[in-house]
Amino acid sequence: MASHQLNMFGAEPRPPEGLDYRAHFLSAAEEQDLVRTLRTLPFKPFEFQGFLGNRRTVSFGWNYRFDGSGLKKAEEMPSFLLALRDRAAAFAGLAPEALAHALLIEYQDGAGIGWHRDRPVFDKVVGISLLAPARLRFRRRREEKWERSALIAEPRSAYLIDGPARNEWEHSIPPMDGLRYSITFRNFRFGQEPS
Ligand SMILES: O=C(O)CCC(=O)C(=O)O
Ligand SMILES: [Fe+2]
């Protein structure tokens with residue numbers, strides 16, 4: 001692929017400002033250990049205003065509910081996520097405790113996520129990918145047209161969505177080819193920390 005189409009992020013044609021990417025964020029052994037633990041978690045079908053999203057989730061720290069009730073305290077961050085959170089925080093330039101919310105998602109073969117921006121109470125998003133690769137698509141409105149970009153979130157990689165990538169661009173994942181898990185950590189926007 002020509003260099004102007006695929007840059008060092010694996011994004012084309014040009015990554016949104018504020019998007020960062022690290023391949024090999026996890027070792028293969030760490031991925032296996034995490035997957036083994038993830039398989040034991042009580043994933044629940046994701047429900048958005050009565051619409052079942054064809055993916056399953058578990059939250060820790062805080063849980064954002066799309067039934068209108070918003071943020072609710074969730075189970076504490078489990079110990080198996082703490083070392084990972086430390087590294088996610090270093091990647092995002094945050095203190096580990098700032099990443100108070102973890103959302104774990106299981107995408108079965110054929111599951112995806114529609115176009116959205118993450119809830120505005122949250123600030124930065126660090127996403128860690130396990131098993132099947134995902135195409136993380138980005139778009140933003142530019143006058144009459146959509147400006148588009150995409151990133152292949154390889155297994156064991158991490159991405160950071162911050163700045164314009166977070167606030168101006170929407171993202172989505174088309175139906176997956178194979179099972180994937182993602183572990184996303186978020187901090188709260190300044191002044192939006194729940195008490
Ligand atoms: O699975 C992912 O990497 C993305 C998840 C996502 O965009 C979200 O939960 O808001
Ligand atoms: Fe998102």
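Just so you know, ligand 1 is whichever comes first in the structure, and atom 1 is the first atom listed for that ligand. Numbers for residues simply follow the sequence, beginning at 1.
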Geometric cation-pi criterion, Lys72 with Trp62: 6.0 Å, 45°: no
Arg117 vs Asn167 side-chain heavy atoms within contact, under 4.5 Å: no
Within reach of ligand 1, part of Leu103 (heavy-atom separation under 4.0 Å): side chain
Pair Arg55, Thr57: side-chain N/O donor-acceptor within cut-off below 3.5 Å: no
Contact atoms of ligand 1, heavy-atom distance to Arg180 under 4.0 Å: 1 (O), 2 (C), 3 (O)
Any donor-acceptor pair under 3.5 Å from Ser149 side chain to Arg14 backbone: yes
From Trp169 atom CH2 to Glu147 atom CD, the distance as rounded to the nearest 0.5 Å: 3.5 Å
Atoms of ligand 1, numbered as shown, that sit under 4.0 Å from any heavy atom of Ser182: 1 (O), 2 (C), 3 (O)
N/O donor-acceptor pair under 3.5 Å between Lys124 side chain and Ile161 backbone: no
Quiz item: cation-pi between Arg140 and Trp146, 6.0 Å / 45°: no
Shell of protein N/O/S atoms around the Fe ion (ligand 2), taken as anything under 2.8 Å: His116 NE2, Asp118 OD1, His171 NE2
Closest approach of any protein heavy atom to atom 6 (C) of ligand 1, naming residue and atom: Ile113 CD1, 3.6 Å
Residue and atom name of the nearest protein heavy atom (relative to atom 1 (O) of ligand 1), distance in Å to one decimal: Tyr107 OH, 2.6 Å
Lys73 atom NZ, neighbour heavy-atom count above 12 within 6.0 Å: yes
Numbering as shown, the atoms of ligand 1 that approach Asp118 to under 4.0 Å (heavy-atom distance): 10 (O)
Contact atoms of ligand 1, heavy-atom distance to Ile105 under 4.0 Å: 5 (C), 9 (O)
Partner of Phe185 under side chain to side chain contact (heavy atoms under 4.5 Å, CB included), chosen from Leu160, Leu103, Leu99: Leu99
His171: numbered ligand 1 atoms lying under 4.0 Å from its heavy atoms: 7 (O)
Sub-4.0 Å heavy-atom approach of Gly127 to ligand 1: no
Contact partition for Leu136 relative to ligand 1, non-hydrogen atoms under 4.0 Å: neither
Worked check of side-chain contact (heavy atoms from CB on, under 4.5 Å) between Asp20 and Asp162: CA-CA 8 Å; Asp20 202 352; Asp162 189 14; over 6 Å; no
Residue portion contacting ligand 1 (non-hydrogen atoms closer than 4.0 Å) for Arg186: side chain
Glu193 atom CD: more than 12 heavy-atom contacts under 6.0 Å: yes
Distance, nearest 0.5 Å, that separates CZ of Arg180 from OG of Ser129: 3.5 Å
Ligand 1 to Tyr159 polar contact by distance, N or O atoms, under 3.5 Å: yes
